[in-house]
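In what follows, a structure is listed as structure tokens, so that the remarks can point back to it.
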2 protein chains.
Amino acid sequence: MKRAMTKIFADFIARRGLKSTKQRDIILDGFLASDRHLSIEELYLKIRASHPNIGYATVYRTLKLFAEAGIAREMQFGDGQTRYEHAGEGEHHDHLVCTRCGSIEEFENETIEQLQAEVANSRGFLIEKHRLELYGVCGSCRK
Amino acid sequence: MKRAMTKIFADFIARRGLKSTKQRDIILDGFLASDRHLSIEELYLKIRASHPNIGYATVYRTLKLFAEAGIAREMQFGDGQTRYEHAGEGEHHDHLVCTRCGSIEEFENETIEQLQAEVANSRGFLIEKHRLELYGVCGSCRK
DNA sequence: ACTCCAATTGAAAGTGGAAGTCATAATACG
DNA sequence: CGTATTATGACTTCCACTTTCAATTGGAGT
Ligand SMILES: [Mn+2]
Ligand SMILES: [Mn+2]
Ligand SMILES: [Zn+2]
Ligand SMILES: [Zn+2]
């Protein structure tokens, strides 16, 4: 997975005539090694621990590149910060967001996806993407 | 509907020991007379046309009050602006958001709601609220 | 290896929407 | 009325990005 992502990003860099830099390598490593759904700030701080000279703006711009390259996806969970998650090839999932501890679980439900398609169809609406999030209290927080 | 909303807000004002003001009346009228899903700025500009002396902050604060009173609901559709829609008693719906013209349609699907509950249940997750939005091209924009 | 130029970087400044401040004004009620 | 309390509006601050810019770097072509 990590290999694949690294390859995809390298190809993207090449295709776009961009340059390979050590900052981008470091940020990619940090991103791939992390828990999913981290904010720019979170990744920046994590990376800064071992690379104090990498700037916020570079992390910010690099995450945008990851999104363009298709290895990251931008998300908004209503906490005022943009979060990035790993984006595998064509994979899709929705989220359960705990309003207590902030943890984010993922799920997939093909039936829901189909019903969404039906709703859109019946109105002549062409779906490009969708967002389904369940907010509430996670299992751990309920104990 | 409008009558009901007005009543609900008046009761809310009374219950909380707040004051009835002409600004709040004007803003409530403007809100109820509007298309749904408008941003603070949009409502502010709309109102300013006939009431140039009403400030942005008052519209901002009053919409928050509407939300607390239960006659409005705060929404985020990813365009960076908070939008408010009319909130009827206990009613719920999800949205189809056109990425071309920005129009927002509403829909309800009980089966999807049930499946969401099942997903949550199977993980011991307690749903407090959810968000389901389909982004794409609306019927009009496809023609 | 060396040049050269476009791409990149990081610090700093800028942006836009939301949220807070505060002096003045308006409301509720005895 | 008179007064305590709340509301208003102009302005400021906050915050999460987003852009700018001078200095640096990557790497294609000598
Ligand atoms: Mn995820
Ligand atoms: Mn709606
Ligand atoms: Zn939790
Ligand atoms: Zn449209």
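Chain letters run A, B, ... following the sequence lines, proteins first, then strands; residues in each count from 1.
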Would you mind telling me which residue lines up with the more 5' stretch of DNA chain D, A:Ser39 or A:Thr21, judged by nearest nucleotide? A:Ser39
Under the criterion side-chain hydrogen bond (donor to acceptor under 3.5 Å, both in side chains), which of A:Glu42, A:His37, A:Glu74 is the partner of A:Arg83? A:Glu42
d(CZ, A:Arg83; C1', D:dC17) in whole Å: 14 Å
Between A:Phe66 and A:Phe31, what is the ring plane arrangement, given parallel below 30°, perpendicular above 60°, and tilted in between? tilted
Within the pair A:Lys64 and D:dT18, is there a side-chain N or O less than 4.0 Å away from OP1 or OP2? yes
Let me know the distance between CG of A:Asp25 and P of D:dG26, rounded to the nearest Å. 11 Å
At under 4.0 Å between heavy atoms, what does B:Arg61 touch on the DNA or RNA strands: base, sugar-phosphate, or nothing? base
Ignoring hydrogens and geometry beyond distance, is the side chain of A:Lys19 in donor-acceptor contact with the base of C:dA6 at under 3.5 Å? yes
Rounded to whole Å, please give me the gap between CZ in A:Arg16 and P in C:dA6. 18 Å
Respond yes when some side-chain nitrogen or oxygen of A:Gln23 is under 4.0 Å from OP1 or OP2 of C:dG10, and no when none is. yes
Using the six-membered ring wherever Trp is involved, compare the ring planes of A:Phe9 and A:Phe12 and label them parallel, tilted or perpendicular (cut-offs 30° and 60°). parallel
Expressed in angstrom and rounded to an integer, what is the separation of B:Asn53 atom CG from C:dT24 atom C1'? 15 Å
When rounded to whole Å, the CD1 to P distance for the pair A:Ile26 and D:dT25 reads 13 Å
Which atoms form the tightest heavy-atom contact between A:Cys98 and A:Cys138, and what is the distance? SG-N, 3.5 Å
Nearest-nucleotide check on DNA chain C, A:Arg24 vs B:Glu74; residue mapping nearer the 5' end is A:Arg24
The side chain of A:Tyr60 lies closest to which of these nucleotides: D:dT19, D:dG9, C:dA18? D:dT19
Using a cut-off of less than 4.0 Å, is there contact between a side-chain N or O of A:Tyr56 and OP1 or OP2 of C:dT9? no
Between CD1 of A:Ile54 and P of C:dT8 the distance, given in whole Å, is 15 Å
Determine the minimum heavy-atom distance between B:Gln81 and B:Ser39, stating which atoms define it. NE2-OG, 3.2 Å
Nearest-Å distance, OH (A:Tyr44) to P (D:dT18)? 17 Å
In whole angstroms, how far is the C1' atom of C:dG10 from the CZ atom of A:Arg48? 13 Å
Check whether any side-chain N or O of A:Lys22 sits under 4.0 Å from OP1 or OP2 of D:dT25, and answer yes or no. no
Please determine whether a side-chain nitrogen or oxygen atom of A:Ser20 lies at a distance below 4.0 Å from atom OP1 or OP2 of D:dG26. no
